[in-house]
Amino acid sequence: MQNFNKKLQNLYQEFLTKHDYQGWWPIKGRYFPKDYSSPKNSEERFEIIIGAILTQNTSWKNVEKSLQNLYENNLINPKAILSISNESLSDLIKSSGYYNQKAKKLKTVAEFYLKNKNKIPLREQLLKVWGIGKETADSILLYAYKHPIFVIDAYTENVVRSYLNLKTQDYDELQELFYKTLPKDYKLYNEFHALIVAEGKILNKT
DNA sequence: AGCCAGGCTACCG
DNA sequence: CGGTAGCATGGC
């Protein structure tokens with residue numbers, strides 16, 4: 001077990017050397033390596049939340065195009081999202097796929113965001129929102145609210161399996177692994193998850 | 001020309 | 001309950 005902890009901690013350094021700082025979460029298409037200050041305001045926070053929805057089972061490349069469309073129409077704020085029709089909204093986010101579902105999800109999230117204005121959401125509250133599951137909730141808590149929450153995704157499962165020879169697919173179990181092993185530091189969790197994605201992308205091709 | 005991407009919901013047995 | 005079809009575009 002001690003050995004396992006050490007392996008996981010070493011993996012962070014290893015990936016950092018290999019991939020360098022990732023600069024997550026991107027704001028307006030730009031990454032800021034080694035800068036963990038975003039979101040700097042409410043608009044950036046809402047942009048991250050929108051991105052977290054749009055990227056569900058979808059490559060970030062496709063999401064960027066949708067976000068660009070939303071900027072151009074001044075839609076990176078909850079009130080604007082709520083005032084546009086479902087048809088127009090889904091049209092703007094078409095490149096992200098599942099656009100009918102996601103248009104609805106964006107509205108549900110916008111409503112939640114307005115209702116809890118200036119409040120930090122709890123994980124259990126986020127999970128009750130239609131369209132937000134564990135990974136999206138955790139991404140929002142980590143990247144939009146800087147909470148020390150470790151995000152688990154398909155890449156994480158893959159990386160843990162190939163580097164640590166652990167083959168669980170259970171979200172909670174995987175998450176617990178990281179909590180038991182790493183200090184609760186949101187910058188560390190931010191970088192580590194981004195590095196796992198960088199590594200996971202390579203892993204899938206080989 | 002398939003297969004997959006920074007998942008989630010609804011429904012099935 | 002656990003398992004899975006459906007959602008849908010763009011890139012490789």
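Just so it is clear: chains get the letters A, B, ... in the order the sequence lines come, proteins before strands, and each one is counted from 1. Keep in mind that this is a model prediction, so the values were computed, not measured.
Closest approach to the A:Asn62 side chain among B:dG7, C:dA8, C:dG11 is made by C:dG11 (side chain taken as heavy atoms from C-beta onward). Side chain of A:Lys94, nearest nucleotide from C:dT9, B:dA10, C:dA8: C:dT9. Distance from the side chain of A:Lys65 is smallest for C:dG10 among the nucleotides C:dG10, C:dA8, B:dC8. Side-chain atoms of A:Tyr99 lie closest to C:dA8 of the nucleotides C:dG10, B:dC8, C:dA8.
C:dA8 and B:dG2: their C1' atoms are spaced 15 Å apart (whole Å). When the P atom is used for both B:dC4 and C:dT4, the distance is 16 Å, rounded to whole Å.
Both the sub-6.0 Å distance and the 45° axial angle are not jointly satisfied by A:Lys146 relative to the ring of A:Tyr36.
Nucleotide B:dA1: unpaired (no Watson-Crick or G-U wobble partner with both distances less than 3.5 Å).
A salt bridge links A:Glu157 with A:Arg161: the closest approach of a Lys/Arg side-chain nitrogen to an acidic carboxylate oxygen falls below 4.0 angstrom.
Environment of CD in A:Gln125: crowded, with over 12 heavy atoms of neighbouring residues, nucleotides or ligands closer than 6.0 Å. Summarising the local packing, NZ of A:Lys61 is surrounded by 12 or fewer heavy atoms from other residues, nucleotides or ligands at distances under 6.0 Å.
In this structure the side chain of A:Phe112 reaches within 4.5 angstrom of the side chain of A:Leu126, judged on heavy atoms.
The phosphate of B:dC8 (OP1 or OP2) has a side-chain N or O of A:Thr136 nearer than 4.0 angstrom. Remark: A:Asn100 is in phosphate contact with C:dA8, judged by side-chain N or O atoms under 4.0 Å from OP1 or OP2.
Across all strands, A:Trp130 comes closer than 4.0 Å only to sugar-phosphate atoms, never to a base (heavy-atom distances). Residue A:Glu135 is in sugar-phosphate contact alone, with no base atom involved, counting any heavy-atom pair closer than 4.0 Å across all strands shown.
Taking atom NZ of A:Lys201 as the reference point, atom C1' of C:dG11 lies 12 Å away to the nearest angstrom. The interatomic distance linking A:Asn57 (CG) with B:dA5 (C1') rounds to 6 Å, in whole Å. As rounded to whole Å, 22 Å separates atom P of B:dC8 from atom NZ of A:Lys107. Nucleotide B:dA10 holds its P atom 15 Å from the OH atom of A:Tyr98, rounded to whole Å. In this structure, the NZ atom of A:Lys61 is 11 Å from the C1' atom of C:dG10, given to the nearest Å. Per the geometry, CD1 belonging to A:Ile53 stands 16 Å off C1' belonging to B:dA5, to the nearest Å. A:Tyr171 has its OH atom 19 Å from the C1' atom of C:dG2, to the nearest Å. A:Lys102 has its NZ atom 9 Å from the C1' atom of C:dA8, to the nearest Å.
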